[in-house]
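Beneath this line is the structure, given in C-alpha cells, with notes to follow.
Note on naming: letters A, B, ... go to the chains in the order of the sequence lines (proteins, then strands), and numbering restarts at 1 for each one. Values reported hereafter were calculated over all heavy atoms of this structure, with side chains retained and with hydrogens, waters and symmetry mates removed.
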Amino acid sequence: MGSFATNYEEIAAVLLFVIGMSNLVFQPNLLKKIIGLDIMDSAVYLFLAAKGYIEGRTAPIVVDGILDASHYINPVPAGLVLTGIVVSVSVSALMMALTVCLYREYHTLNIDEIMMKLRKEED
Amino acid sequence: MSKKNPNYRNSFADKFTRWVKGDYDPIAGQMEMNAPDKEVFGDERIRYVHLHIVKSNNYSERMFEEGLAKNVRRFTGLYKVFGAIVAIFIACLLLWTVSYLPKFGDPNAPENNEVATRYIEQGLSETGAVNIVTGMILDYRAFDTFGESCVLFVASCCVLILLRVDKDEDPESRAIEDMNDRHYEPRNDTILQKVANFLVPLMIVFGIYVVLNGHISPGGGFSGGAIIGSGLILYLTAYGFEKTQRFMNEKVVKALTVGALTFYCFAKSYSFYTGANHLHSIITPGTPGNILSAGLIVYLNICVGIVVACTMYSFYTLFRKGGI
Amino acid sequence: MAFVQNFPFFCIILSMFSAIISFVMNGRVAKYIHVAMVTAVLILSLATLSFVVGTGESYTFMMGHFPAPWGNEIRIGELEALMAVFFSLIMMLSVFGGMAHIDREVQDSKKNLFYILLDLLMASLLALIYTNDLFTAYVFIEINTIAACGLIMIKKQGRTYVSALRYMIMSLVGSGLFLIGLTLLYSITGHLLMSPAKEVLEQIVAVHSYQVPLMVIIILVTVGLGIKSGLYPFHTWIPDAYGYTTPSASAVLSSLVSKGYIFLLIKIFYRVLDFDSVISSHMVNILFVFGVVGMIMGSVAAIKEKNIRRMTAYSSVAQIGYIYMGIGLGTTAGVVAALFHIISHGAMKSLLFISISGLTEVSDGRSDYLSLRGAGLRNKVAGAAFTVGSLSMIGMPLLTGFISKYLFAAAATTAGSKMITAWVVLAISTVLNTMYFMRTVLTLYRPVPEETHKAYTVEKSRIETAAIIGMILLNIGLGVASQPVIKVIEAGLAMFG
Amino acid sequence: MTGLRILLLVLLIICTIAVSFSKNLLVSVVIYMAFSLVMSIIWLILESPDLAITEAAVGAGVTSILFFVTLKKIRSIRTTAEEDIDE
C-alpha cells in the first residue's frame, strides 16, 4: 500500500480514465463522447509518462555530451506516448466525421434519439 | 457582498453564469451562442425535432413514439446506474493496482532497465540523434512509427469516404456545400487578415524549424506537421479557398502524402532488410548536432511532417465543405 | 539467413505499400493492385509455411539493426505462417465473391479508398499475427479497428453510420483497456517485447511480488481484446455491423477481423503472460462461462431473427463463444480446438455471407424469410453454397464444422469439472444451430409460384462462381484432410511456449 | 513542486468533470482545450518536452479546431434543415 501516498499522477490518471470512459460510453451527446474518448486516451498517456519520470533527472536530450544513464529520465514512455497521441487524434477526427454524417441524416446529436428514429425506420 | 446589485443583469457574476450556461458570449454579446430553441443539443432537442421535422401528426404514431420514448428513457436510467457501478468498480480495481506499483520517480523501478540504459548511453553513437526520444521512435522502434503514420493515413481515408462530396456524382449537394461554406465563413475579415499576415509565416517557419530540428531539440515530424497544418488552416480561414487552392488542391495533397509515405516505406524497408540480413547499410549517423546528421531520421521527420500537415489541412477542408 | 525468412516482412510491407500507392490510383487499378497483393501474400506465406514446417523451429526477424530487447521484431513459427496463409486465402475468396456487389454498392470515386482499407486490413492482420512486440500490436490493433469501421460504413446510409459508431465506441473502450493493461505490464516488467517480458514475469511469479498488478493485467488485456472481438455481453454491435454492409466486407469482418484479436490474445497468453498463470488467475474460467453463455444466447437470438443476414451475424456471436469456450477449457487441446475453429469458422462464415448476397439478389434485394422463399431454386450456385455452409455449421461429417465440434468435445474430456457443461452446451448449441439453419435451408428450397417473382436473369459472374466453389472446396478440404492442419497447429503451439 | 503537481492534477479532474456536466457544447470544447493545455504543462514538469510540444500543437490546436469546425458544420446543417421545413 506504500505507493498510494506518492503516486498522485497515477491516481489522477485512473480517475481521468474512468471519467473519460463513462463519458464515452454513457453520455448521450456524440460530441461529448468524443471529448470523453480524448480524455480517456490522455489519461492512459499520463499514466505511461508518469512511469518514465525519475526524480531529479532531466529530459532525454543529450546536453554537453553527458552519456550517463543516471542523468536522464527513461525515454521509452515518451516515445510510446508520442505514437499514441497520433493514434488518438486520428480516431477522434474519424469520430467527428461520423458525427457530422449522423447529424446530416438524423438531425440530432443525441444517440438515444438516433436509435429511436432508427427503430422507427425499421418498423 | 450580499448587497443587491441593481445592475445585476450586467454584473460580472451574471455574465459569467450566463456564459457557463451558454446563452451569453462576452465578446459577441447576446448574439447567437444558443439558437432560438434554448437547449439546442440537450433534451429539448427531442421535442424540437418531433414538433418540426416529424410533421406527420398521426395520433397512433405519436402514441407509439411516446411509448417508445418512455421505454428508451427507462432503459437509459437502468443503463446509467449499471454504468456507474461498472465505472466505480474499474476505478477501485485500478486504484488498488496503483497502490502496488513502484513509487513515483523511483530510479530502481523495473522499467529503468537495460533497455532504457542502452537507448541513453549508446543512442547518440548508434542513431546520431541528440534527442534520444526521436532516435528511439524513428530508429530503434521505427516499425511502430511507420504503423502510426499508417493510422493517420487510414483515418484520412475514412474521413474522405464519409465527407467527400464529388462534383461528378452529386453536383447538387456539392453546390449546396459550396454555398453554405460561402454563407457561413467570414469573407475578407480585415482583422483576421492582418493577424494572419503576421502569424501565418511565423507559424509555418516555426513548424519547419520544429520538423528539421526534431533530432536535435524537442519536437519532430508530428508536432511540427501539426503546427504547419494549423498555419495553413489559419491562412485558409482568413483568405478563403480561392487563394489556398492555388497551392494546396486535392492533387497536391495526394501527391505529397503518397510521395512522403512511399519514401518512408522504401527507406525503412531498406533499413529493415539490411538490418535483419546483417548486410552493410549505407546509412551513417553523421556528426551529432548537425541538421543533416542522424542518418535517415531527419528525412523521415520531414516525411512525417508533410503527411501530418497535409492530413490536418485536408481534415479541416473536408469538414468545412466536403472537398480538399 | 535464408532468403525465404524475409517473406513475412515482405508481406507486411507489400500490403502497406499497395495501400499507399492505391491512394493516387482509380478504382479499377486499385482493385488489380489489391488482387495482386493478396495473391502475392498468399504465395509468400505458403513458401514461409513450407520453410518453417521443413526446419521445424521458429525464428525471429529484426525490424532494424538492433537485436531483441531494443528493436522491434517479428516472430515466425508454424502457427503464424498457417494463419497468414488462411487469412490471405479467405480475404482473396471474400473479395472475389463479392466483386460485383462492390462495383455496384461503392461509389466510383471511393472504390480506391475501399481497396486501401482492405489492403491496410490485410497489413494489420499480418502484423497482429507475426508481431513479437506488444506496442506494435497496439498500433496495428488501431489500424485494424479504423479500417474495419471504414468497411462497415462504406455504403454510406444512416443505418451503417449508426452501426459504425456503435462499433467504434465498443472497440475504443476495448483498446483503452488493452492499452492500460499494456502500461501496467510495462511498469512491472520494463519490456515491450514478448520474450523478454515473459522472462521477467517468470521471475516475478517465482518471488511472488506484484501479484495484484499481474492479475489486473490479465483481466484488462483479456477483457479489452474480448470486447473488441465481440465476446457475448459485448456483442451488441455485431448484428448491425455485419448485417448491413457490402457482402465482401461482411465476410471479411466476421471471418477475419475479430479472429485477429483472438489470435493475438492466445499469443499473449502463451508468449507473455504464461498460460499457467492465466489458468491460476481463474480468468479462463470466466472466459469459459462467457463463451458458454454466448454459445446459447447467440443461437437463441439467431432463432428469433427474421432477417437472414442478421441471423448469420448472430450465429457469429455463438461461434465466437465456441472459440472462447475452447480457450476457457484451460488445456492445450482446448486451445488447439479454438485455433482450428478460428480457421474453420472463417471458411464457413465467409461462404455464408457471400452466398446470402447471391440469394437476396434474386429476391428483390430483400433478406426476410418471406421473400427468400424459393431463392435456392432461382440461384442454384448460391443455394448450394448456403446449404453447404449451413451443414458445416451444424456439424455434418466430412465438412469442417464437424471437425471443430469433434475437437471441442474431445478437448472437454480432459478438462475435469468443465467436461459435462461443455458437452451439454455443445449438444444444445448444435440443436439450436440445426433449428435455425435447417429452417432457412428449407425456406430457400420451398417452391413458389412463378409469378410472385419476376424472372431474374442471374448475372453469371464467373469470378464470383469460382470464388464460391473455392470456398465450398475449402470447407470440404478442411473437413476431409484436417489432420495436417491440426498437426501444424499443435506443433506451432508447442513452439509458442 | 509537489504542490504544483497536485494543483495541476486537480485542475485536470475539474476540467473533465466540467466537460461532463456543461450544457453547452462550445463550452465543453473550450474546457477541453484548457484540459490539453494543463496536460502539456504537466508533461513539461514530467521532463517530457517532446510530449508537451505535441500536446500543445495537437490537443489544444488541431483537435480543438476540428471540434469547432464540426460544431459549425452541424449548425449550418441545422439552419438548412430549418429553412427546408419553413418552405
Query raised in the report: Which atom pair, heavy atoms only, marks the closest approach of C/Met16 to B/Gly147?
Result: CE-CA, 4.3 Å
**Report entry** Part of B/Leu162 lying under 4.5 Å from any heavy atom of chain C
**Finding:** both
Query raised in the report: Where does C/Ile116 contact chain B at under 4.5 Å (heavy atoms): side chain, backbone, both or neither?
Result: side chain
Requested in this report: Return yes when atom CZ of C/Phe290 has more than 12 non-hydrogen atoms of other residues, nucleotides or ligands closer than 6.0 Å, and no otherwise.
Outcome: no
Query raised in the report: Between C/Met215, C/Lys156, C/Glu73, C/Gln211, which residue shows the highest count of heavy-atom pairs closer than 4.5 Å to chain B?
Result: C/Lys156
**Report entry** Shortest non-hydrogen separation from C/Ser187 to B/Pro102 and the atoms involved
**Finding:** O-CG, 4.1 Å
Report task. Sort out for me which residue in C/Ile154, C/Ile146, C/Leu151, C/Leu113 forms a side-chain contact (heavy atoms from CB on, under 4.5 Å) with B/Cys158. Result -> C/Ile146
Report summary line: Output for pair (B/Glu114 CD, C/His191 NE2), nearest 0.5 Å, gives 4.5 Å
Report summary line: In terms of heavy-atom pairs under 4.5 Å with chain C, the winner among B/Leu261, B/Val151, B/Ile161, B/Thr262 is B/Ile161
Report summary line: Rounded to the nearest 0.5 angstrom, the CZ-OH distance for C/Phe66 and B/Tyr140 is 5.0 Å
Query raised in the report: Tell me, side chain or backbone of C/Tyr186 under 4.5 Å from chain B's heavy atoms, or both, or neither?
Result: both
Report task. Side chain from CB out, backbone as N, CA, C, O: work out which of these in C/Val216 comes under 4.5 Å of a heavy atom of chain B, or both, or neither. Result -> side chain
Query raised in the report: What part of C/Tyr210 is in contact with chain B, defined as an atom under 4.5 angstrom from a non-hydrogen atom: side chain, backbone, both or neither?
Result: side chain
**Report entry** Candidate pair B/Lys251 and C/Val24, rule side-chain contact (heavy atoms from CB on, under 4.5 Å), full reasoning
**Finding:** CA-CA 9 Å; B/Lys251 264 190 190 150; C/Val24 283; over 6 Å; no
Requested in this report: Report the C-alpha separation of C/Phe9 and B/Tyr273 in whole Å, then their side-chain angles, then the decisive distance to 0.1 Å, and conclude whether the ring pair (Phe, Tyr, Trp, His ring centres under 6.0 Å) test is met.
Outcome: CA-CA 9 Å; C/Phe9 158 68; B/Tyr273 183 75; 7.1 Å; no
Report task. Please determine, among C/Leu184, C/Asn6, C/Val139, C/Val200, the option with the most heavy-atom pairs under 4.5 Å with chain B. Result -> C/Asn6
**Report entry** Shortest non-hydrogen contact from B/Thr97 toward C/Pro213
**Finding:** CG2-CA, 3.6 Å
Query raised in the report: How are the rings of B/Phe153 and C/Phe23 set to each other: parallel, tilted or perpendicular (split at 30° and 60°)?
Result: perpendicular
Query raised in the report: Quick one: what part of C/Ile204 sits under 4.5 Å from any heavy atom of chain B, side chain, backbone, both or neither?
Result: neither
Query - Toward chain C, the part of B/Cys157 with a non-hydrogen atom under 4.5 Å - result: both
Query - Heavy-atom donor-acceptor pair, C/Lys110 side chain to B/Arg164 backbone, under 3.5 Å - result: yes
**Report entry** Leading residue by heavy atom contact count with chain B [cutoff under 4.5 Å; candidates C/Asn72, C/Asp133, C/Ile188]
**Finding:** C/Asn72
Query - Minimum-distance pair of heavy atoms, taken over all atoms of B/Cys150 and C/Ile143 - result: CB-CD1, 3.8 Å
Query raised in the report: Do C/Leu220 and B/Leu94 come within less than 4.5 Å of each other through their side chains, counting heavy atoms only?
Result: yes
Report task. State which residue, out of B/Phe143, B/Phe146, B/Phe272, fulfils the side-chain contact (heavy atoms from CB on, under 4.5 Å) condition with C/Ile12. Result -> B/Phe143
Report task. Give the minimum heavy-atom separation between C/Ile13 and B/Cys265, together with the two atoms involved. Result -> CG2-SG, 4.0 Å
**Report entry** Part of B/Thr145 lying under 4.5 Å from any heavy atom of chain C
**Finding:** neither
**Report entry** Side chain, backbone, both or neither of C/Phe3 within contact of chain B (heavy atoms, under 4.5 Å)
**Finding:** side chain
Requested in this report: Side chain from CB out, backbone as N, CA, C, O: work out which of these in C/Thr136 comes under 4.5 Å of a heavy atom of chain B, or both, or neither.
Outcome: both
